Amino acid sequence: MKNLTSRQSEVLSYIKIFLENKSYWPSFREIQAHFDFKSTNAVMGHIKSLEKKGYLERVPGQARSYHLTDKNKVRSRKKTLSQLDETIENDFLPVVDVPIYGNIAAGYPDRVESSGEIARLQIDSETAGINRLNKVFALRVRGDSMVDAGIYDGDTVILETGNPSNGDIVAALIDGETTLKRFMQPSGTSPYLKAENVNYPLMKPTESLSIQGIAKSIVRKL
């Protein structure tokens with residue numbers, strides 16, 4: 001891996017993890033979208049570099065079709081799963097596969113409940129600022145109550161479980177309804193929720209307030 005640039009290593013890591021999770025090769029457009037490249041030409045450039053350096057090999061007679069070469073294989077097939085995980089972690093950036101569990105209101109709370117996993121996305125855990133030891137999930141934002149925090153309608157917010165600190169943006173269940181807001185608990189006071197839009201009031205629970213996840217980053221489609 002020493003002869004690869006950091007971006008080439010990232011692309012190769014994404015391809016290998018995609019293959020492991022889905023058992024088929026990612027399309028050029030999926031790679032483009034994941035790395036936010038301006039065009040598939042950038043993807044093709046990295047693919048050709050990986051091919052030239054011996055990590056990928058073109059499938060004869062098939063356009064834009066490649067497979068991983070023996071250069072990607074670990075030295076010993078007798079490695080345990082934990083050793084294999086350590087090898088992958090040392091060689092590649094830590095990319096995690098995150099389930100998307102429906103929508104969350106970034107406005108007034110609603111009673112919409114998740115219908116289960118609706119999609120998945122792959123994301124670099126270091127860039128996203130998430131701890132892979134915690135449960136990580138994603139929700140799609142509906143509404144404009146968090147626009148002053150840079151969270152907009154249609155964004156996908158990445159969250160992890162844990163105990164929130166004062167000022168964290170959270171997915172919260174307040175009096176039985178869900179919402180995305182900033183968690184506020186100044187010293188010596190009861191917790192409440194605050195929007196990042198002056199058009200929305202503070203939200204203080206009358207019965208219950210529980211935190212489902214702490215927002216760590218967002219993914220936005222351009």
Side-chain angles (χ1 to χ4, degrees), residues 10 17 34-36 82 85-86 89 92-222:
E10 291 172 13
I17 293 174
H34 179 80
F35 291 100
D36 199 25
S82 61
D85 289 340
E86 183 178 355
E89 183 174 338
F92 303 113
L93 288 177
V95 177
V96 293
D97 193 48
V98 181
I100 302 175
Y101 292 131
N103 301 316
I104 187 167
Y108 292 103
D110 63 24
R111 295 184 181 275
V112 176
E113 297 181 359
S114 171
S115 57
E117 181 182 317
I118 62 171
R120 301 186 77 84
L121 61 84
Q122 291 76 39
I123 191 166
D124 168 15
S125 61
E126 290 184 0
T127 301
I130 55 180
N131 184 343
R132 291 189 297 163
L133 298 178
N134 294 335
K135 180 182 178 181
V136 179
F137 61 101
L139 296 168
R140 289 175 177 163
V141 176
R142 292 190 293 103
D144 63 354
S145 70
M146 299 301 290
V147 293
D148 290 339
I151 302 174
Y152 300 95
D153 183 74
D155 286 349
T156 299
V157 62
I158 311 297
L159 306 105
E160 68 177 21
T161 56
N163 297 317
S165 299
N166 182 48
D168 282 345
I169 294 174
V170 299
L173 187 66
I174 181 169
D175 297 331
E177 300 182 347
T178 60
T179 190
L180 184 73
K181 295 290 183 290
R182 194 175 293 281
F183 176 82
M184 304 300 295
Q185 190 175 20
S187 180
T189 67
S190 298
Y192 62 94
L193 302 177
K194 175 180 178 293
E196 290 293 342
N197 183 328
V198 295
N199 295 316
Y200 291 86
L202 298 178
M203 299 177 59
K204 298 182 178 181
T206 58
E207 296 180 0
S208 63
L209 173 64
S210 62
I211 305 305
Q212 299 167 314
I214 303 168
K216 307 303 291 187
S217 61
I218 60 169
V219 177
R220 176 172 303 141
K221 289 185 177 180
L222 299 178

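In what follows, residues are counted from 1 in the order of the sequence shown. Values in this document were obtained by computation on a predicted structure and should not be read as measured data.
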Taking side chain to side chain contact (heavy atoms under 4.5 Å, CB included) as the definition, give me every residue that meets it alongside Ala195, ordered by chain and number, with sequence neighbours left out.
Ser145, Lys181, Tyr200
Output yes when a side-chain donor or acceptor of [X] lies under 3.5 Å from a complementary backbone atom of [Y], and no otherwise.
{"X": "Asp168", "Y": "Phe183", "result": "no"}
{"X": "Arg182", "Y": "Gly167", "result": "yes"}
{"X": "Asp175", "Y": "Ser208", "result": "yes"}
{"X": "Asn197", "Y": "Asp144", "result": "yes"}

Out of curiosity, [X] [atom1] to [Y] [atom2], how far, rounded to the nearest 0.5 Å?
{"X": "Asp155", "Y": "Leu139", "atom1": "CG", "atom2": "CG", "answer": "12.5 Å"}
{"X": "Leu173", "Y": "Ser210", "atom1": "CG", "atom2": "OG", "answer": "4.0 Å"}
{"X": "Ile174", "Y": "Thr206", "atom1": "CD1", "atom2": "OG1", "answer": "7.5 Å"}
{"X": "Ser165", "Y": "Ile214", "atom1": "OG", "atom2": "CD1", "answer": "7.0 Å"}

Show, in sequence, the C-alpha distance, side-chain angles and deciding distance for Thr178 and Gln212, and conclude whether the side-chain contact (heavy atoms from CB on, under 4.5 Å) test is met.
CA-CA 9 Å; Thr178 60; Gln212 299 167 314; 4.1 Å; yes
Using side chain to side chain contact (heavy atoms under 4.5 Å, CB included) as the criterion, point out the one residue from Leu180, Thr179, Leu202 that pairs with Leu193.
Thr179
Decide yes or no for Pro186 and Asn166: does some side-chain heavy atom of the first lie under 4.5 Å from some side-chain heavy atom of the second?
yes
Closest approach of [X] to [Y] (non-hydrogen atoms, all atoms of both residues):
{"X": "Thr156", "Y": "Ala138", "result": "CG2-CB, 3.8 Å"}
{"X": "Tyr192", "Y": "Lys204", "result": "CB-CG, 3.7 Å"}
{"X": "Val170", "Y": "Pro164", "result": "CG1-CB, 4.0 Å"}
{"X": "Val157", "Y": "Ala215", "result": "CG2-CB, 3.6 Å"}

Identify every side-chain donor-acceptor pair in residues 146-154 under 3.5 Å, counting partners at least two apart or on other chains, and give the distances.
residue: Asp153; atom: OD1; partner: Gly143; partner atom: N; Å: 2.7

Residues Arg140, Ile118; criterion side-chain contact (heavy atoms from CB on, under 4.5 Å); working and verdict:
CA-CA 10 Å; Arg140 289 175 177 163; Ile118 62 171; 3.7 Å; yes
